[in-house]
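Note sheet for the following structure.
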Protein chains: 2
Amino acid sequence: MTSPAVSSRDLPHPTREEIRLEGVLHALSDPMRMRIVRELAAVDDELSCSHFDLPVTKSTTTHHFRVLRESGVLQQVYRGTAKMNGLRKDDLDGLFPGLLDCLLDAADRQAARLGSA
Amino acid sequence: MTSPAVSSRDLPHPTREEIRLEGVLHALSDPMRMRIVRELAAVDDELSCSHFDLPVTKSTTTHHFRVLRESGVLQQVYRGTAKMNGLRKDDLDGLFPGLLDCLLDAADRQAARLGSA
DNA sequence: CCCGTACTACGATGCCTATCGTACGAGTCG
DNA sequence: CGACTCGTACGATAGGCATCGTAGTACGGG
């Protein structure tokens, strides 16, 4: 009933040094993935994949989460049957100070500008 | 002998309102295009396409400049036979304050980190 | 032990794109 | 005009990628 243990299923992550700016930008240049990242930043906590209600199939969702993990934007860990996702804020801030906040602010502004329909 | 006149050949640009964050991020997620933008930011002036010595053919160079223009990152204008390129810093800053500087800083840091070979 | 839930793996598909080569248009200079 | 430079247009090619569907694996609960 308490938090399920972390499973041993391995999920390859890039080390901080392996994270590349172009990879991060490419990952965030997809609206679906930016949406995931914004939601994670908003709650400032880990969220399971199934928490997100995206207008695509689960296959596609899995794909997007993998791109985010492999680019170094997210960390993922299995906890029971759920796969929890967290922003790698410390690593990104360490490599590119201020960039993540700047990108999130830019996304917020665009959402406010366009979403006021 | 003075600066040649601006030609009438038209080059379609997005208006400021049409610029999309995902388009900008996609444009800058290509190392060749990021390199162009960094060089333009460094000199803080317009540069002709031929000024850049990129390790690709002229066809490909044209393609990259078009992507940058159509995403709203660059403004381009013909002056004589040369096509001059300038960063749309005001428009980008207006839409996404601080983002451009943040991205350039991130690119500088990565270049310093990786290029110290 | 069986079932349901959560997520994955794999293959297919159609589109996008980075790259090239060649042929062409626009402009400048002699 | 003629030659040269700068950049474009177009077609081809190869690889990437967002999406889907189906079948399958891992885990937890009854």
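Fair warning: this is a prediction, and the values are worked out from it, not measured in the lab. Order of the sequence lines sets the chain letters (A, B, ...), proteins ahead of strands, with each chain counted from 1.
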Notebook entry, point to check: Can you check the Lys83(B) NZ to dT8(D) C1' distance for me, whole Å?
Noted result: 8 Å

Next item on the list: Return the value, rounded to whole Å, for the distance between atom CG of Leu47(B) and atom P of dC6(D).
Entry: 15 Å

Next item on the list: Send over the distance from Arg66(B) CZ to dC16(C) P, rounded to a whole Å.
Entry: 14 Å

Item checked: Non-hydrogen atoms of Arg69(A) and Pro14(A) that approach each other most closely -> O-CD, 3.3 Å

Check: Do you see a donor-acceptor pair shorter than 3.5 Å between the side chains of Thr62(A) and Ser59(A)?
Finding: no

Next item on the list: Ignoring backbone atoms, test whether Tyr78(B) places a side-chain nitrogen or oxygen under 4.0 Å from the OP1 or OP2 oxygen of dC6(D).
Entry: no

Notebook entry, point to check: Given dC20(D), dA18(C), dA9(C), which nucleotide is nearest the side-chain atoms of Val67(B)?
Noted result: dA18(C)

Margin query: Which nucleotide wins on minimum distance to the side chain of Ser50(B), given the candidates dC7(C), dC6(D), dT19(D)?
Written below: dC6(D)

Item checked: Stepwise side-chain contact (heavy atoms from CB on, under 4.5 Å) check, Asp30(B) with Glu22(A) -> CA-CA 6 Å; Asp30(B) 183 286; Glu22(A) 54 266 30; over 6 Å; no

Check: Any side-chain N or O of His64(A) less than 4.0 Å from the OP1 or OP2 oxygen of dT19(D)?
Finding: yes

Note to self: Can you measure Met84(B) atom CE to dC6(D) atom P for me and round it to whole angstrom units?
What the structure shows: 13 Å

Margin query: In whole Å, I'd like the distance from the CG atom of Leu11(A) to the P atom of dA6(C).
Written below: 18 Å

Next item on the list: Rounded to the nearest angstrom, tell me the gap between atom CD in Gln76(A) and atom P in dA26(D).
Entry: 18 Å

Notebook entry, point to check: What are the residues of residues 27-44 of chain B, sorted by number, that bring a heavy atom to within less than 4.0 Å of DNA chain D?
Noted result: none

Notebook entry, point to check: Where the side chain of His63(A) is defined as all heavy atoms beyond and including C-beta, which of dC17(D), dG7(D), dT28(C) is the nearest nucleotide?
Noted result: dC17(D)

Next item on the list: Verify the cluster assignment for Tyr78(A) and Leu40(A): are they in a single hydrophobic cluster under the rule of side-chain heavy atoms below 4.5 Å apart?
Entry: no

Checklist line | Hphob cluster co-occupancy, Ile19(A) + Leu114(B), side-chain heavy atoms under 4.5 angstrom | finding: no

Check: Among the nucleotides dG7(D), dT5(C), dC20(C), which one has an atom lying closest to any side-chain atom of Thr57(B)?
Finding: dC20(C)

Next item on the list: Could you tell me whether Asp101(B) and Lys89(B) make a salt bridge, using a distance below 4.0 angstrom between a side-chain N and a carboxylate O?
Entry: yes

Checklist line | Atom-pair distance (CG on Asp10(B); P on dT8(D)), nearest Å | finding: 12 Å

Notebook entry, point to check: Out of dT8(D), dA9(D), dA6(C), which nucleotide sits closest to the side chain of Lys58(A)?
Noted result: dA6(C)

Notebook entry, point to check: Rounding to a whole Å, what distance do you find between Phe65(B):CZ and dA18(C):P?
Noted result: 14 Å

Notebook entry, point to check: Closest approach of Leu68(A) and Ala27(A), non-hydrogen atoms and distance?
Noted result: CD2-CB, 4.0 Å

Margin query: Is it the case that the side chain of Gln110(A) and the backbone of Leu21(B) share a donor-acceptor pair, with hydrogens and angles ignored and the cut-off at 3.5 Å?
Written below: yes

Next item on the list: Look at all strands and tell whether His26(A) reaches a base, only sugar-phosphate, or nothing, counting heavy atoms closer than 4.0 Å.
Entry: sugar-phosphate

Item checked: Under-4.0 Å side-chain N/O to phosphate OP1/OP2 contact, Thr62(B) with dG7(D) -> no

Check: Picking from dA26(C), dC20(D), dA9(D), which would you name as closest to the side chain of Ser59(B)?
Finding: dA9(D)

